[in-house]
Q: 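Pasting a structure below so you can have a look.
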Amino acid sequence: MTTIGGIHHVTSVAADPRRTEEFYAGTLGLHLVRKTVNFDAPSVLHFYFGDRRGSPGSMITFFVREAEPPGRCGPGHVSSIVFAVPPRTLMNWRHRLIERGADVVGNAWSFGEECLCFRDPDGLELGLIEEAAENGINHHADRAIRRIRSVEIQIEGFQHTSKFLTERLGFEQRGQEGAVFRFLDGPPDRPIAVDLLCTPTHRPGQAGPGVAHHVALRVTDGEALEEVATMLANCGFDVTPPLDRQHFHAIYFRGPCGVNFAIATDGPGFALDVPSPVSAETLSLPPWLEPKRKLIEQRLRNKNPAPVGVPAAPKAST
């Protein structure tokens with residue numbers, strides 16, 4: 001079976017583009033990797049935040065849907081996303097989040113690790129956990145977010161989803177705390193966790209701002225992607241064909257728990273066109289949408305007079 005390499009990215013929904021950029025690039029210090037649009041719905045802005053290279057595993061992305069009512073987490077939804085930060089930085093992070101007015105919930109212990117829990121401006125539940133550097137070298141002044149460490153998925157049942165993770169995707173079940181079951185992938189010193197939170201009596205969730213849209217898992221290349229797609233289709237999943245996302249290729253399907261999943265390739269990556277500070281602030285479009293730039297920008301302006309990354313409409317000459 002083709003090896004899944006952990007998490008590629010997580011995509012959520014946001015209601016306000018400026019507020020989202022201020023929180024993730026400002027408060028959390030993530031790099032704005034790209035401002036683009038949802039390729040399947042070009043009137044929807046799509047932001048990528050991660051490390052400066054846009055490395056797979058570092059990115060959280062957002063579809064901006066300003067007219068949608070707030071979402072609500074429930075069974076079949078991602079209930080939290082946890083990032084890895086350097087050792088001995090949680091206290092500094094707590095002070096930073098409070099100073100910037102973030103909704104800090106508090107500290108909790110999960111599977112032997114302390115987690116700083118907070119919410120983004122739309123109510124998306126986030127966390128920070130300390131993790132040693134891959135090469136064992138830590139710089140005291142460095143407190144930057146390194147990667148996505150885990151996601152927690154809220155489910156009603158258990159058997160089908162656990163079988164999907166272990167038998168189809170290669171995760172290993174590694175523990176239980178109360179109603180939370182942990183599944184790990186990746187090397188022992190840098191694991192990726194998917195936690196299943198069993199809540200059979202919880203009210204149904206609702207998609208919208210503050211709720212994750214999909215979890216994308218990693219494979220190395222297009223050949224591996226085709227292998228996973230064939231395997232999933234043979235197991236009864238309704239899988240899309242590989243779709244060109246310019247910086248990666250991906251397939252999409254709904255997991256047995258109701259959560260939307262993607263499988264995405266590591267390449268070609270965002271280094272295809274290394275963004276300058278100026279280009280990162282402008283709307284990036286793939287070649288097949290570039291001929292429609294004026295129409296796309298006009299539609300974005302119709303939704304918001306001053307959309308992020310879109311130049312103002314030219315003034316009529318007098």
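Each residue takes its place number in the sequence, starting with 1.
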Q: Group every Ile, Leu, Val, Met, Phe, Trp and Tyr by side-chain heavy-atom contacts under 4.5 Å, then state whether V194 and L232 land in the same group.
A: yes
Q: Kindly determine whether F183 and F171 satisfy ring pair (Phe, Tyr, Trp, His ring centres under 6.0 Å), including the steps that lead there.
A: CA-CA 6 Å; F183 296 79; F171 282 76; 7.5 Å; no
Q: Start with the C-alpha gap between R254 and D238, add the side-chain angles, then the distance that decides, and say whether salt bridge (Lys or Arg N to Asp or Glu O under 4.0 Å) holds.
A: CA-CA 8 Å; R254 190 179 298 274; D238 194 11; over 6 Å; no
Q: Tell me the closest heavy-atom pair linking A212 and V78, and the distance in Å.
A: CB-CB, 3.7 Å
Q: Flag yes if Y24 and I98 sit in one hydrophobic cluster, no otherwise; membership is Ile, Leu, Val, Met, Phe, Trp, Tyr, and two members link when side-chain heavy atoms are under 4.5 Å apart.
A: yes
Q: Taking C-beta and beyond as the side chain, do E125 and S79 meet within less than 4.5 Å on heavy atoms?
A: no
Q: Starting from V44, can I reach L283 by hopping between I/L/V/M/F/W/Y residues whose side chains sit under 4.5 Å apart?
A: no
Q: For residues H247 and Y48, establish whether the separation of their ring centroids is below 6.0 Å.
A: no
Q: Is Q206 reaching over with its side chain to a backbone N or O of R72, donor-acceptor style, under 3.5 angstrom?
A: no
Q: What residue pairs, at least two apart or across chains, pass salt bridge (Lys or Arg N to Asp or Glu O under 4.0 Å) with a residue in residues 100-115?
A: D103-R119, E113-R149
Q: Can you see which heavy atom on V13 is nearest to which on E68, and at what distance?
A: CG1-OE1, 4.4 Å
Q: Say whether, by atom type as modelled, one donor and one acceptor occur between the side chain of T3 and the main chain of G5 under 3.5 angstrom.
A: no
Q: Pair I192, R218 - check side chain to side chain contact (heavy atoms under 4.5 Å, CB included), show working.
A: CA-CA 11 Å; I192 299 293; R218 296 174 61 179; over 6 Å; no
Q: If you count heavy atoms of other groups shown closer than 6.0 angstrom to CG of N302, is the number above 12?
A: yes
Q: So which atom in D244 and which in F39 form the shortest heavy-atom distance, rounded to 0.1 Å?
A: O-CD1, 3.9 Å
Q: Between atom CZ of R52 and atom CG of L32, what is the distance when rounded to the nearest 0.5 Å?
A: 10.5 Å
Q: If I compare all heavy atoms of A207 with all of H77, which pair ends up nearest, and what's the gap?
A: N-NE2, 4.0 Å
Q: Are V82 and L197 connected, step by step, through hydrophobic side chains (Ile, Leu, Val, Met, Phe, Trp, Tyr) whose heavy atoms are closer than 4.5 Å?
A: no
Q: Are the side chain of T230 and the backbone of E226 linked by a donor-acceptor contact shorter than 3.5 Å?
A: yes
Q: Under the 3.5 angstrom rule, does the side chain of Q176 hit a backbone N or O of G178 as a donor-acceptor pair?
A: yes
Q: Using a strict cut-off of less than 4.0 Å between a Lys/Arg side-chain nitrogen and an Asp/Glu carboxylate oxygen, indicate whether E290 and R293 qualify as a salt bridge.
A: yes
Q: With under 30° as parallel and over 60° as perpendicular, where do the rings of F181 and F158 fit, or are they tilted in between?
A: tilted
Q: To the nearest 0.5 Å, what is the distance between OG (S43) and CG (L300)?
A: 7.0 Å
Q: Counting only heavy atoms not in R96 (residues, nucleotides, ligands), do more than 12 fall under 6.0 Å from its CZ?
A: yes
Q: Determine whether a donor-acceptor pair (N or O, by modelled atom type, separation under 3.5 Å) exists between the side chain of N38 and the backbone of H46.
A: no
Q: Could you tell me whether E223 atom CD has more than 12 heavy atoms of other residues or ligands within 6.0 Å of it?
A: no
Q: Taking atom OG1 of T220 and atom CD1 of I4, what is their separation to the nearest 0.5 Å?
A: 9.5 Å
Q: So do the side chains of L124 and F62 get within less than 4.5 Å of each other, counting heavy atoms only?
A: yes
Q: Quick one: does H8's side chain have a donor or acceptor within less than 3.5 Å of a partner on T265's backbone?
A: yes
Q: Return yes when atom CZ of R174 has more than 12 non-hydrogen atoms of other residues, nucleotides or ligands closer than 6.0 Å, and no otherwise.
A: no
Q: Take atom NZ of K163 as the centre, draw a 6.0 Å sphere, and report whether it contains more than 12 heavy atoms from other residues, nucleotides or ligands.
A: no
Q: Check whether any side-chain heavy atom of T199 lies under 4.5 Å from a side-chain heavy atom of P75, and answer yes or no.
A: yes
Q: Taking it one step at a time, do L97 and L116 satisfy side chain to side chain contact (heavy atoms under 4.5 Å, CB included)?
A: CA-CA 10 Å; L97 291 170; L116 174 59; 3.9 Å; yes
Q: Which atom names give the shortest non-hydrogen contact between V211 and G71, and what distance separates them?
A: CG2-C, 3.6 Å
Q: I'd like to know if the side chain of T20 reaches the main chain of A14, judged simply by a donor and an acceptor atom lying under 3.5 Å from each other, with no hydrogens or angles considered.
A: no
Q: Within this structure, what is the CZ-CG distance for the pair F83 and L128, rounded to the nearest 0.5 Å?
A: 8.0 Å
Q: List the atom of R168, the atom of M231, and the distance in Å for their closest heavy-atom pair.
A: O-CE, 3.2 Å
Q: Side chains of W93 and F118: closer than 4.5 Å at any heavy-atom pair?
A: no
Q: Heavy-atom distance under 4.5 Å between the side chains of V151 and I7, does that happen here?
A: yes
Q: Would V33 and D51 count as a side chain to side chain contact (heavy atoms under 4.5 Å, CB included) here? Give the steps.
A: CA-CA 8 Å; V33 179; D51 65 18; 5.7 Å; no
Q: Quick check: do R19 and D122 have side-chain heavy atoms less than 4.5 Å from each other?
A: yes
Q: Sorted by first residue and then second, give each salt bridge (Lys or Arg N to Asp or Glu O under 4.0 Å) pair with at least one member in residues 193-209; sequence neighbours left out.
A: R182-D195
Q: Give a yes or no on whether a salt bridge exists between R245 and D40, defined as a side-chain N under 4.0 angstrom from a carboxylate O.
A: yes
Q: Quick check on the hydrophobic clustering: are L196 and F111 connected, directly or via other members, by side-chain heavy-atom contacts under 4.5 Å?
A: no
Q: Taking atom CD1 of I81 and atom CD1 of I148, what is their separation to the nearest 0.5 Å?
A: 6.0 Å
Q: Roughly how far apart are R143 CZ and R88 CZ, rounded to 0.5 Å?
A: 15.0 Å
Q: Are the side chains of E131 and R190 in contact, using a 4.5 Å heavy-atom criterion?
A: yes
Q: Verify, without hydrogens or angle tests, whether T36 (side chain) and S284 (backbone) share a donor-acceptor contact under 3.5 angstrom.
A: yes
Q: Are any of the side-chain heavy atoms of T161 and I153 separated by less than 4.5 Å?
A: no
Q: H214 and ring pair (Phe, Tyr, Trp, His ring centres under 6.0 Å): which partner among F261, Y252, F253?
A: Y252
Q: Judged by modelled atom types alone, do T61 and T11 share a side-chain donor-acceptor pair under 3.5 Å?
A: yes
